[in-house]
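One structure is given below, encoded as structure tokens.
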Amino acid sequence: MHRRHLRHAYGLLLIVVLLCGVGQSRAADTAISDHVPGTEWERTSPEQAGWSARTLADAQAWWATIEPTAAVMIVQHGRVVWEWGDTVTKSNLHSIRKSLLSALIGIAAGEHKIDLSATMESLGIDDNAPGLTATEKTATVGDLLKARSGIYHPALYETPGMARLRPPRGSHPPGTFWYYNNWDFNALGSIYERATGEWIFNAFAQKIATPIGMQDYHASDGEYFRGPASEHPAYPIRMSARDLARFALLYLHDGRWNDRQIVPAAWVRDSTRAYSEAFPGVGPGLGYGYLWWIGYISNTGAPVVKVPEGTYSAQGAEGQYAFVIPPLDLVVVHRINSDASIGDGPGERKAEPNGRQLGRLLWLILTAAGDADAGPDVSLAHADGNRLSGEALRTALSGASLEVGGEIKGGPFHWHLDPDGKLTVLNQGENVVLTGRWRIDGDRYCRSVVGARPQDACFTATAKDNRIAFFDADGLMAFDTIVERAK
């Protein structure tokens, strides 16, 4: 059956479900509408779209306490269902630039200008001293797109965390190991420009931004970041939330805008499936495609959110996200203007939202959409159990072992809380991975972890049967533990 006929059939099924007032099941996905915005975005009300306006308002109010400078756009069936914040001002996309480059590479590959099997050696790609080794030069364009090049040369525009995690040179052959590697991403920019003879920013304006009607983007919104660490510059791009939503919608439509195929559909499909598991030590659920993130971490010691199968996203530092959720015909854009100075002093910035906070926002949005499979409500306000405090909390924890993180690589982990306040964390192999101290501070359990990155945090606890759940300062479950008494 033709795809549009399938969409029509699924659309009729969706109408029946909405009229019956039943929560939306992932067994029958929402049809993907062909509708796209014209000169301006079209808007609908949550009620007309079958959403819960109350839950969306709750999401907006809660998020304002987490990140007051955020802009959020929620687009379903090509129309804006809900939005807040400044969606017009252009600001740095940070690493979302990589997903934009992926689209350009897909166009060039479709024109036979870029071959994913081409090696760095065949393309003449090298870097400053110490240059690439013979083994590193066997890495292919495809390896770089998957962040599996095995080239661990210093790179530009890295975060401190990226630099800290960089493996030693020569530690992994090309194609064998995933590492989120700015060398790969920056070198891909050089490869694209050499292969096409076009500047990235001009090409994006001509081949994507203009055809899909971006309202704010201009080629001058990009700039190159150069430095002594590498010959391959980074290519930061500034964009508004509403223009980023158009780009995400283009991918939701398999690279098609109205009757024009902008990005090859096969490239969209290939680039938005996982070739590697990403950060399994943090939790399951996240993968990496061709410069796109696949899925979302579902559990970090407690449930986070269950996104629909097929969800993918472009992500950047300091709170930049563009989620594409095909089963719900949905785009969610979250932006933070990292140029804005907020905080207690000049130039200070509030920390970007963490994965648990962003997961909560996604959970609220999915729930507002009627998705019945987004996972449990992990807020303290809806906790299932009795709240522990004071001596009752101390008694429950003193001398106990807490098992947590069975879904995390290396888990489950056991937190041993000695009566004298010593904390020892063991992994599945009974190896010590963390040490520290624990204490009771009023009605909260607090722990201090020593190591390269010392951490001190306090949690509210609830108990039910043999489980104790710990909730962070945002009122979100951070750890769901099984408790055993020390033997």
Side-chain angles (χ1 to χ4, degrees), residues 92-99 101-102 105 119-121 123 125-192 224-236 274-283 286-294 297 300 313-318 320 338 351-352 354-355 408-410 427 433-434 451-455:
N92 194 343
L93 290 174
H94 294 278
S95 287
I96 287 181
R97 67 188 173 96
K98 300 159 189 174
S99 301
L101 178 64
S102 177
I105 292 174
T119 65
M120 300 302 101
E121 175 72 31
L123 295 173
I125 296 295
D126 206 332
D127 211 329
N128 55 23
L132 303 191
T133 66
T135 298
E136 289 172 333
K137 288 182 180 180
T138 66
T140 66
V141 174
D143 292 332
L144 271 62
L145 284 165
K146 300 172 187 174
R148 299 178 68 91
S149 74
I151 300 173
Y152 307 130
H153 189 285
L156 297 170
Y157 218 60
E158 289 182 314
T159 66
M162 293 169 68
R164 185 175 60 252
L165 295 174
R166 185 192 302 119
R169 294 283 295 272
S171 57
H172 301 285
T176 65
F177 184 79
W178 182 84
Y179 159 67
Y180 187 68
N181 188 358
N182 258 23
W183 192 92
D184 292 0
F185 312 138
N186 295 341
L188 283 169
S190 298
I191 291 168
Y192 175 82
Y224 293 99
F225 182 90
R226 305 180 188 276
S230 173
E231 295 177 2
H232 304 291
Y235 39 93
Y275 298 93
S276 305
E277 187 179 12
F279 305 122
V282 176
L286 187 64
Y288 202 72
Y290 292 169
L291 312 187
W292 286 87
W293 298 94
I294 316 303
I297 289 178
T300 58
S313 61
Q315 300 185 16
E318 301 203 45
Q320 322 305 326
S338 60
E352 65 185 88
N354 61 39
I408 300 173
K409 183 179 180 181
N427 62 13
V433 293
L434 287 173
R453 301 173 67 187
Q455 301 177 15

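Of the possible donor and acceptor atoms, none in the side chain of S149 sits under 3.5 Å from a partner among the backbone N and O of D143. The backbone N or O of L156 sits nowhere less than 3.5 Å from a side-chain atom of S230 that would complete a donor-acceptor pair. With hydrogens and angles disregarded, a donor-acceptor distance shorter than 3.5 Å links the side chain of N128 to the backbone of P228. Here the side chain of Q320 pairs a donor or acceptor atom with the backbone of E318 at under 3.5 angstrom. In this structure a side-chain-to-backbone donor-acceptor pair under 3.5 Å is missing from H232 to N182.
Contact check for W183 versus E136: no side-chain heavy atoms found under the 4.5 Å cut-off. Residues T135 and P174 meet the side-chain proximity criterion, which asks for heavy atoms closer than 4.5 Å. Residues Y152 and H172 are in side-chain contact: their nearest non-hydrogen atoms beyond the backbone lie under 4.5 Å apart. Considering only heavy atoms from C-beta on, I151 stays 4.5 Å or farther from D127 through its side chain. Residues L101 and F185 fail the side-chain proximity criterion, which asks for heavy atoms closer than 4.5 Å. The side-chain heavy atoms of L144 and M120, taken from C-beta on, include a pair separated by under 4.5 Å. P130 has its side chain within reach of R169: a pair of non-hydrogen atoms, C-beta onward, lies under 4.5 Å apart.
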Task: Y157 vs Y235, ring-ring contact (aromatic ring centres under 6.0 Å, His included): CA-CA, chis, key distance, verdict - done: CA-CA 9 Å; Y157 218 60; Y235 39 93; 8.9 Å; no
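Nearest heavy-atom pair across Y224 and P233 is CD2-CG, 4.1 Å. When all heavy atoms of Y288 and K146 are compared, the pair lying nearest together is CD2-O, 3.7 Å. Closest heavy-atom contact between H94 and S338: NE2-OG, 2.9 Å. Residues P236 and N92 share a closest heavy-atom pair of CB-OD1, 4.2 Å. Minimum heavy-atom separation, W293 to A278: CZ3-CB, 3.8 Å. Contact record, N427 with G410: CB-O, 3.5 Å, taken as the closest heavy-atom pair.
For the atom pair I96 CD1 and S313 OG, the distance stands at 8.5 Å (nearest 0.5 Å). Atom CZ of F225 sits about 10.0 Å away from atom CG of N186, to the nearest 0.5 Å. The CD1 atom of I105 sits 5.0 Å away from atom CG of L145, with the distance rounded to the nearest 0.5 Å.
A side-chain contact (heavy atoms from CB on, under 4.5 Å) with N181 is found for exactly one of F177, Y179, W178, namely Y179.
For the pair D126 and K137, the salt-bridge criterion is met [side-chain N within less than 4.0 Å of a carboxylate O]. Using a cut-off of 4.0 Å between Lys/Arg side-chain N and Asp/Glu carboxylate O, K409 and E277 are scored as not salt-bridged.
Between the side chains of E121 and T119, not a single donor N or O lies within less than 3.5 Å of an accepting N or O.
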